[in-house]
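A short worksheet on the structure shown next.
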Amino acid sequence: MMLRQGLPPRRSGAAGRSPAPEPTPPPAAAPPDSAPTRLLTWLGRLGVPAAAFAVFQTLLGILPQSLAGEAARYCVAATAGVGVGVVVWLAAALLRTRATAAAVAAPPPAPAPPPAGSLPELMDGTYQALRRGLSVIEVAGRGPLIGWPHSLAESDPPVHPTAFGTAYGLHLLLDIAPYDGRIRAGQVAETLWRLRLPGGGWAARSQGSGARPEVSAIVLGALARAGADPRLLEAEIRSCEVLWDPDHDASGLANTYVVTNVLRGLLRAAPGSTALDGLREVLVNGATADPARGNHRCWGAALATGRGNPAPSAAHTARAVVALDRAARVLGEDERQRTVREEGLRWLLAGPATPTGGIGDLQNCQEEVRRRDQEDPLHQELLSVRHFAAAWVARALMTDGARKVAAEEVGLPAWEAQLTTAVTRVHGMQRGGVWRWDDGPMGHPVWMAYQGLSVLRRHALMVYRP
């Protein structure tokens with residue numbers, strides 16, 4: 001086979017035909033930041049009269065004196081100035097026209113889809129879990145019950161809704177789907193009224209037939225938020241007034257968990273209740289100084305009494321700070337109450353200075369609230385309480401006064417770092433909008449989903465800059 005030397009290789013194409021010559025592209029327009037464009041833009045900003053006068057003055061200065069007559073010099077300079085002014089005006093008009101045409105031709109940018117794992121997706125996952133976990137049963141003498149048990153993984157087959165799970169499910173529903181009719185908030189609220197005990201009030205599933213203040217206040221708060229009839233709420237609060245009296249439930253109202261629950265619930269349901277000031281005083285008086293953290297006052301599982309001081313707890317201190325912050329916003333506060341609340345914040349902010357680096361503050365914890373059984377005084381009623389510590393610490397660090405206290409105590413960067421760590425831990429404990437305490441059927445508490453989602457929504461609002 002003979003090789004053709006010195007010739008360029010043929011391009012592939014139809015057999016026996018030369019490829020068509022490539023069209024010459026039109027000359028590209030000057031980019032927006034080129035030197036001519038910048039000059040014209042500058043001249044356009046200078047103004048046509050100013051440009052014309054500048055040319056006129058320049059020519060008047062350089063034209064020879066021998067030009068026939070002084071008037072001739074002025075005529076030449078004026079003519080040139082007018083000419084340059086017209087050119088500048090035309091160039092500026094051309095640039096404006098091209099910019100307007102380009103803006104009209106360019107389509108508006110499409111909105112970017114939310115990133116994977118965004119807050120709207122997480123909220124949608126929580127709502128789907130609420131729908132899957134909803135229990136709908138018919139109870140003789142009570143009618144249909146539409147609500148939630150303790151855990152979102154507990155309702156297959158449907159089980160009896162509880163007052164505690166249904167109250168927090170109603171809170172979640174009002175947060176993430178107020179306009180979605182697939183679960184009707186009115187039916188859930190009606191279920192809470194049907195779960196009311198015969199003597200008034202509500203109790204947890206493990207507490208027997210007697211009403212308890214920590215559950216009754218949470219239910220009343222949820223009903224008030226859902227728009228329950230104020231007259232019904234007022235009548236129920238009056239029937240439950242004895243529950244808020246420490247003399248009636250001395251062991252319960254000596255517990256930080258119980259007092260903070262009652263205080264937060266009543267602030268929603270009955271902000272004018274005469275019991276609120278007394279409950280706040282019980283909480284303020286129950287703080288104790290911690291030498292390990294600068295003698296700042298804090299709280300433990302039990303409220304401090306003259307007979308002994310409980311071990312400090314980040315979860316209980318954060319719960320107390322949140323409750324006192326809400327009370328301050330609704331009722332106002334005096335100097336002593338403000339000092340104790342701010343010391344609780346200072347105690348939390350001092351966490352990273354401890355040998356454990358403050359990580360222990362974010363570890364979930366559990367306690368048992370013991371009371372005498374109402375039906376059998378010889379036995380004790382036992383309520384197992386779990387604390388989502390990272391969520392409570394984050395909520396306390398996002399209260400209104402936290403930023404001010406942090407600026408005086410540890411500095412804003414340290415406060416932001418602590419808050420970010422707590423929020424990150426809260427986010428990491430959920431999968432698809434469902435928060436997990438453990439992998440058992442009771443391990444997806446409704447209250448935990450509410451607390452976790454509340455933290456993420458509040459933090460998103462705090463860091464948002466319009």
Side-chain angles (χ1 to χ4, degrees), residues 130 134-150 160-205 207-245 248-249 252-253 258-280 323 326-327 329-331 374 446-447 450:
L130 277 179
L134 187 68
S135 286
V136 181
I137 63 173
E138 187 77 28
V139 177
R142 286 190 173 184
L145 299 181
I146 302 172
W148 292 269
H150 176 82
H160 199 290
T162 66
F164 205 66
T166 302
Y168 276 107
L170 180 57
H171 275 306
L172 264 175
L173 193 64
L174 296 173
D175 275 348
I176 62 180
Y179 309 115
D180 192 319
R182 288 176 290 179
I183 306 177
R184 297 190 178 276
Q187 292 178 330
V188 176
E190 182 62 30
T191 294
L192 284 174
W193 285 116
R194 290 172 179 170
L195 291 174
R196 176 179 174 273
L197 296 172
W202 292 262
R205 184 165 52 187
Q207 288 180 313
S209 59
R212 288 305 186 188
E214 66 274 20
V215 182
S216 298
I218 291 297
V219 171
L220 288 168
L223 287 171
R225 189 180 172 202
D229 188 334
R231 293 169 298 179
L232 294 177
L233 280 177
E234 184 179 355
E236 189 61 32
I237 289 168
R238 282 201 304 269
S239 72
C240 290
E241 280 180 350
V242 66
L243 300 177
W244 332 131
D245 186 353
H248 172 76
D249 186 12
L253 290 171
V258 173
V259 174
T260 54
N261 264 18
V262 174
L263 194 55
R264 290 184 297 112
L266 280 186
L267 285 168
R268 269 199 177 113
S273 172
T274 57
L276 287 170
D277 283 328
L279 287 167
R280 177 165 57 175
R326 290 192 185 178
R329 283 187 286 167
V330 175
L331 308 173
Q374 295 181 354
V446 182
W447 58 262
Y450 170 70

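As a basis for the values below, the full set of heavy atoms in this structure was taken, side chains included, without hydrogen atoms, waters or symmetry mates. What you are looking at is a predicted structure, and each value in this text was computed from that prediction instead of being measured.
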* Asked: Is there a donor-acceptor contact under 3.5 Å from the side chain of S135 to the main chain of W148?
  -> no
* With sequence neighbours excluded, give me every salt bridge (Lys or Arg N to Asp or Glu O under 4.0 Å) pair touching residues 259-270. => none
* Asked: Partners of D245 by salt bridge (Lys or Arg N to Asp or Glu O under 4.0 Å), sequence neighbours excluded?
  -> none
Below 3.5 Å, can you tabulate the donor-acceptor pairs from side chains in residues 215-230 to any protein atom, sequence neighbours excluded?
residue: S216; atom: OG; partner: W202; partner atom: N; Å: 2.9
residue: S216; atom: OG; partner: W202; partner atom: O; Å: 3.1
residue: S216; atom: OG; partner: R212; partner atom: O; Å: 2.9
residue: R225; atom: NH1; partner: H171; partner atom: O; Å: 3.4
residue: R225; atom: NH1; partner: H171; partner atom: ND1; Å: 3.1
residue: R225; atom: NH1; partner: D175; partner atom: OD1; Å: 3.4
residue: R225; atom: NH2; partner: D175; partner atom: OD1; Å: 2.3
residue: D229; atom: OD1; partner: R231; partner atom: N; Å: 2.9
residue: D229; atom: OD1; partner: R231; partner atom: NE; Å: 3.3
residue: D229; atom: OD2; partner: R231; partner atom: NH2; Å: 3.0

* **Flag, side chain of W244 to backbone of L279, donor-acceptor distance under 3.5 Å** => no
* Structure fact -> With sequence neighbours left out, the residues meeting salt bridge (Lys or Arg N to Asp or Glu O under 4.0 Å) with R326 are none
* Asked: Can any side-chain N or O of E236 pair as donor or acceptor with the backbone N or O of G200 at less than 3.5 Å?
  -> no
* Asked: Any idea which heavy atoms bring V446 and G169 closest together, and the distance?
  -> CG1-N, 3.5 Å
* For the atom pair CG (L174) and OH (Y450), what is the distance rounded to the nearest 0.5 Å? -> 9.5 Å
* To do: Give the minimum heavy-atom separation between L195 and A163, together with the two atoms involved.
  => CD1-N, 3.8 Å
* To do: Nearest 0.5 Å please: distance from the CG atom of L134 over to the CD atom of Q187.
  => 9.0 Å
* Distance (rounded to the nearest 0.5 Å) between I183 CD1 and L170 CG -> 10.5 Å
* Asked: Does T162 have any side-chain hydrogen bond (donor to acceptor under 3.5 Å, both in side chains) partners at least two apart in sequence or in another chain, and if so, which?
  -> none
* **Those residues that, when tested against R194, pass side chain to side chain contact (heavy atoms under 4.5 Å, CB included) (two or more places apart)** => P144, L145, E190
* Minimum-distance pair of heavy atoms, taken over all atoms of I146 and T191 -> N-OG1, 2.8 Å
* To do: Specify the closest pair of heavy atoms between S273 and L266, including all atoms of both residues, with the distance to one decimal.
  => OG-CD1, 4.4 Å
* Structure fact -> Residues passing the side chain to side chain contact (heavy atoms under 4.5 Å, CB included) test with A203, sequence neighbours excluded, are L197, Q207
* Asked: Taking atom CD of E241 and atom CD1 of I237, what is their separation to the nearest 0.5 Å?
  -> 8.5 Å
* Taking side chain as C-beta onward, heavy atoms only, is V330 less than 4.5 Å from L276? -> no
* Asked: What residues form a salt bridge (Lys or Arg N to Asp or Glu O under 4.0 Å) with R184, not counting sequence neighbours?
  -> none
* Asked: Of all residues at least two apart in sequence or in a different chain, which pass the salt bridge (Lys or Arg N to Asp or Glu O under 4.0 Å) check with R205?
  -> E154
* **Partners meeting side-chain hydrogen bond (donor to acceptor under 3.5 Å, both in side chains) with E234 (sequence neighbours left out)** => R238
* Quick one: does P161's side chain get under 4.5 Å of I137's, heavy atoms only? -> yes
* Is there side-chain contact between L267 and R329, with at least one heavy-atom pair below 4.5 Å? -> no
